[in-house]
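These numbers come from a predicted model, not from an experiment. The chains referred to below are lettered A, B, ... by the order of the sequence lines, with proteins before strands, and numbering in each begins at 1.
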Amino acid sequence: MAAKNYQVAEILYMVADYLDLEGEEFKVRAYRRAARSIENLSQSIEDVAKSGKLQEIPGVGEAIAKKIDEFLRTGKMEHLEKLKRKSPVDMESLNAVESLGPKKIKLLYQRLGVRNVEHLSKAAKEAKIRGLPGFGELSESKILQSLGNVSSNKRRFPREEVVPIAEMIRKKLQSMNVVEKVEVVGSYRRKKETVGDLDILVVSSSPSEVMDAFLNIDGIDHTIGEGEKKASLVLDNGLQVDLRVVGAESYGAALIYFTGSKYHNIRLRKIAIKKGYKLNEYGLFKGDEMVAGSTEEEVYRELGLDYIDPENREE
DNA sequence: CACACGGCCCATATAT
DNA sequence: ATATATGGGC
DNA sequence: GTGTG
């Protein structure tokens, strides 16, 4: 696999992050879309560039093609350098802090001059963050807590590495008598070589008990959030695990939704709209009436499609 | 050229 | 108590 | 910034 593809994607993601900081909206999506395409590219980006076919990659047009060329030739992208100069904020590490996104990073920079995690930590310890619009005491302590988690290096995990973990969680939840079904969804179910996190879908009439059990599995480093139907935590090895509880009538729709991919979902939704339906994680609806939802097969059939295996739902 | 650009949901915290 | 903003997910 | 109409 071409190592450069990953680098190019990374750098495009970075450009997107900086544009995000500037309040751009559509350029951000454009850059991320191009980055994604390149990640999923089966050929080496260098070969594509050599044959002058960069613009045939979905989401890559004249401007991005030029920038990719520049990066492949010189190892740099002036556009990114310029963005960095203009707004010297360490997006990469700040973005990795839980609960911080472009909007809040921007605010922290403008009001407190926060450029990196060191500044952030200092500001938090000096209690300068509470009181800023959108921040309170709780936000401040959450930031400090997140900074303390060295394990918050975001990386993707090889599938083999997470299989035993996924199985452990699946078994544990499945053994509960209030649990009807458990499935590990997301890119894990699509059998991708690496996964960014684990997504677990559970059918149960007693969500709170499931939440309880989930928040007490072995090897938890810290929890990110918990609600009635949804919880997220991070394991000791840094792997994030999300749990979602749904009712049996929505199981199929939720499976589809949480298995993804994102682009597959968009495609399905468009088909649904064209047929006068609305598709979401709860079911397929005609007006207020649910016409399908408890099984995946049912939803695909109602949309006029053959069943598609999870591995083939990339787009 | 002008225009749209996935669409819907949950969780959390703050603001009213 | 409810609305709004933001982050996050697919 | 890119892709469509």
- salt bridge (Lys or Arg N to Asp or Glu O under 4.0 Å) between A:Lys66 and A:Glu70, intermediate numbers included: CA-CA 6 Å; A:Lys66 210 176 271 178; A:Glu70 180 200 351; over 6 Å; no
- What one should report as the nearest heavy-atom pair of A:Glu22 and A:Leu83 is OE2-CD2, 3.5 Å
- Return the residues of residues 245-254 of chain A meeting this criterion: a heavy atom under 4.0 Å from some atom of DNA chain C. Order them by number, or give none. none
- Task: Rounded to the nearest angstrom, tell me the gap between atom CG in A:Asp197 and atom C1' in C:dC10.
- Result: 10 Å
- Could you point out which residue of A:Thr194, A:Val162, A:Leu198 forms a side-chain contact (heavy atoms from CB on, under 4.5 Å) with A:Phe157? A:Val162
- Task: Indicate for each nucleotide in nucleotides 4-11 of chain B, in 5' to 3' sequence, whether protein heavy atoms under 4.0 Å reach the base (B), only the sugar-phosphate (S), or nothing (-).
- Result: -BBBBSBS
- Query: Under a 4.5 Å cut-off applied to non-hydrogen side-chain atoms, are A:Val182 and A:Leu201 in contact?
  - Reply: no
- Item | Fellow cluster residues of A:Leu279, listed by chain then number, with links counted only when side-chain atoms sit under 4.5 Å apart | A:Ile256, A:Leu268, A:Ile271, A:Tyr277, A:Leu284, A:Val291, A:Val299, A:Tyr300, A:Leu303, A:Leu305, A:Tyr307, A:Ile308
- Any idea which heavy atoms bring A:Arg189 and A:Val184 closest together, and the distance? CB-O, 3.4 Å
- Message: With a 4.0 Å cut-off on N to O distance, would you call A:Arg170 and A:Glu167 a salt bridge?
- Response: yes
Can you tabulate the close N/O pairs, meaning under 3.5 Å, that link protein atoms to atoms of nucleotides 13-15 of chain B?
{"from": "B:dA13", "atom 1": "O3'", "to": "A:Ser139", "atom 2": "OG", "distance (Å)": "3.4"}
{"from": "B:dT14", "atom 1": "OP1", "to": "A:Gly136", "atom 2": "N", "distance (Å)": "2.7"}
{"from": "B:dT14", "atom 1": "OP1", "to": "A:Ser139", "atom 2": "OG", "distance (Å)": "3.3"}

- Message: Distance check, C1' atoms only: D:dG3 and B:dC8, in whole angstrom units.
- Response: 24 Å
- Please answer: with hydrophobic residues joined when any side-chain heavy atoms are less than 4.5 Å apart, are A:Met176 and A:Val241 in the same cluster? yes
- Task: Identify, with sequence neighbours excluded, every residue that meets side chain to side chain donor-acceptor pair (under 3.5 Å) alongside A:Ser205.
- Result: none
- Using atom CD1 of A:Ile143 as one end and atom C1' of C:dG7 as the other, report the distance to the nearest whole Å. 13 Å
- Task: Examine A:Val117 and A:Met14 and state if one hydrophobic cluster contains both, with Ile, Leu, Val, Met, Phe, Trp and Tyr joined whenever side-chain heavy atoms are less than 4.5 Å apart.
- Result: yes
- Selection from C:dC10, C:dT6, D:dG1 that lies nearest to any side-chain heavy atom of A:Lys67: D:dG1
- Does a salt bridge link A:Arg313 with A:Glu296, judged by any charged N lying under 4.0 Å from a carboxylate O? yes
- Task: Starting from C1' on C:dT6, measure out to CG on A:Leu107 and report it in whole angstrom.
- Result: 12 Å
- Message: If we check side-chain contact (heavy atoms from CB on, under 4.5 Å) with A:Leu173, which of these qualifies: A:Ile217, A:Val178, A:Leu243?
- Response: A:Leu243
- Query: Rounded to whole angstrom units, what separation is found between the CG atom of A:Leu233 and the P atom of B:dT12?
  - Reply: 13 Å
- Can you check the A:Lys106 NZ to C:dG7 C1' distance for me, whole Å? 16 Å
- Please determine if A:Arg85 and A:Glu78 form a salt bridge, counting it only when a charged side-chain N lies under 4.0 Å from a carboxylate O. yes
- Message: What I want to find out is whether A:Glu46 reaches A:Lys50 closely enough, with some N-O distance under 4.0 Å, to be called a salt bridge.
- Response: no
- Answer with base, sugar-phosphate or nothing: what part of the nucleic acid does A:Ser232 contact at a heavy-atom distance below 4.0 Å? nothing
Would you tabulate the nitrogen or oxygen pairs shorter than 3.5 Å linking the protein to nucleotides 3-5 of chain D?
{"from": "D:dG3", "atom 1": "OP1", "to": "A:Gly59", "atom 2": "N", "distance (Å)": "2.9"}

- Item | Whole-angstrom distance between B:dC10 and D:dG1, as gauged at atom C1' | 31 Å
- d(CD1, A:Ile105; P, C:dG8) in whole Å: 9 Å
- What is the distance from NZ of A:Lys192 to P of C:dC10, rounded to the nearest Å? 13 Å
